[in-house]
Amino acid sequence: MTAQIIDGKALSQRLRVGFRERVERLKARGVSPGLAVVLVGDNPASRVYVGNKIKACEECGVHSLHIGLAADVSEAEVLATIERLNRDAGIHGILVQLPLPAHIPIARVLEAISVHKDVDGFHLYNVGALVTGTSIFPPCTPYGVQLLLDTTGIDVAGKNAVVVGASNIVGKPMGLMLLQREATVTICHAKTRDLAQHTILADILIVAAGKPGLIVPQMVKEGAIVIDVGINRLPDGRIVGDVCFDAVKEKASWITPVPGGVGPMTVTMLIENTLRSAERAFKAADGDEFQDWEAPVVKSPD
Ligand code: GUN
């Protein structure tokens, strides 16, 4: 079997056409959606990611505010910056790029972001809401993976879904979102013994380990859907995922490429969450706060 390719770049482009229409509708009602991106220090990878987020905002007509803080900035100054953004009515989404320098406690920074502007979905409130299936802002990477899975037309309910990687940003929320859709979920991580024993049972295999070449065909079930979240730069400059793409595509039914799979979707879902936030703010200003509850994309099992 040769897998069909799940094209994240094409899906992103399609979604962004719809975003521009939503931005126009909001602007016609006097709301200009705005996203603030806070970058502390000058981690080169973070600079690239932040640059992509700002570029996506420009492409979709979303106002963006890029705030660069020095690597030795105090915790108090970071918190004061977030507080200012929380109060800024022109800002609907606040994102603090991770990782942060070691002296800044990530948890305190994420908890300082208003839950109504937490477009990364990393605030404890939104993490808890993900557990109960009522998240307003699903974290962007797993949210993007969910839409990529939707494009296959395959229902995840009852399927064996194996997630490789247990990070707070990808693996854990991914597992919760798949569980919400009634998959049987296994989350593997660095301490998992005999990884292949788990991955070989996966109808849906999602790999977010940050290890190039980790997943070889012998670890993949014939006909599995394989989603590669990894983005690794090799010494020769090539960007590859965690999955041996050329070999695994001969065994999978569907597979995402790297680049052009999950990567563009992460940024696209950030814009989706920012627009959702702006739309909620508009309805709230109309005296409709919390009445606008739209079914979150993750559906309830009962
Ligand atoms: N660092 C790596 N991925 C992410 C992400 O999705 N959001 C933020 N804020 N930082 C990141």
Side-chain angles (χ1 to χ4, degrees), residues 8 12 34-57 62 64-69 71 73 78-79 81-82 85-86 91-102 104-115 117-127 130 135-148 163 165-177 206-211 227-233 239 241-242 258-259 261-274 276-277 297:
S12 282
L35 172 70
V37 181
V38 179
L39 176 61
V40 183
D42 56 2
N43 178 315
S46 291
R47 275 216 311 266
V48 172
Y49 292 137
V50 165
N52 289 341
K53 290 166 186 177
I54 302 287
K55 224 163 66 195
C57 284
V62 171
S64 66
L65 182 61
H66 178 192
I67 298 175
L69 299 174
V73 68
V78 176
L79 295 179
T81 301
I82 292 170
L85 295 168
N86 283 342
I91 292 297
H92 303 94
I94 303 170
L95 178 148
V96 177
Q97 186 66 29
L98 302 177
L100 290 171
I104 308 276
I106 291 181
R108 275 214 284 274
V109 168
L110 296 180
E111 278 16 290
I113 296 171
S114 160
V115 294
K117 299 189 179 187
D118 176 34
V119 287
D120 252 335
F122 293 165
H123 188 286
L124 278 186
Y125 179 91
N126 280 316
V127 174
L130 203 61
S135 172
I136 311 165
F137 302 119
C140 300
T141 300
Y143 194 6
V145 170
Q146 183 173 276
L147 293 203
L148 290 169
V163 181
S167 69
N168 290 339
I169 293 179
V170 183
K172 288 182 200 167
M174 187 77 254
L176 288 168
M177 290 166 85
I206 296 169
V207 192
K211 289 203 172 111
I227 308 283
D228 192 348
V229 183
I231 301 176
N232 309 292
R233 186 178 287 278
I239 301 287
D242 295 347
V258 177
V262 175
M265 288 299 290
T266 295
V267 183
T268 296
M269 301 327 289
L270 174 66
I271 306 294
E272 161 69 36
N273 280 348
T274 303
R276 182 176 302 174
S277 178
V297 176

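None of these values were measured; they are calculated from a predicted model. Counting starts at 1 for both ligands and their atoms, in listed order.
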Where the closest heavy atom to atom 1 (N) of ligand 1 is concerned, which of I231, L95, L98 has it? L98
Going by the atom numbers of ligand 1, which of them fall below 4.0 Å from some non-hydrogen atom of V96? 8 (C), 9 (N)
State, yes or no, whether a side-chain contact exists between V78 and L100 at a heavy-atom distance under 4.5 Å. no
Looking at ligand 1, does F122 have a heavy atom less than 4.0 Å from it? yes
Has S12 got a side-chain atom pairing as donor or acceptor with T268's backbone, closer than 3.5 angstrom? no
Tell me which one of I169, D120, N43 gets a heavy atom nearest to atom 9 (N) of ligand 1. D120
Got a sec, which residues hit salt bridge (Lys or Arg N to Asp or Glu O under 4.0 Å) with R233, two or more places apart in sequence or on another chain? none
N/O of T141 under 3.5 Å from N/O of ligand 1, yes or no? no
Say you draw a straight line from CG of L39 to NE2 of H66; how long is it, rounded to the nearest 0.5 Å? 5.0 Å
Given D118, which partner from the list I136, N273, L95, I113 fulfils the side-chain contact (heavy atoms from CB on, under 4.5 Å) test? I113
Starting from atom 11 (C) of ligand 1, find the nearest protein heavy-atom neighbour and note its residue, name and distance. Q97 NE2, 3.4 Å
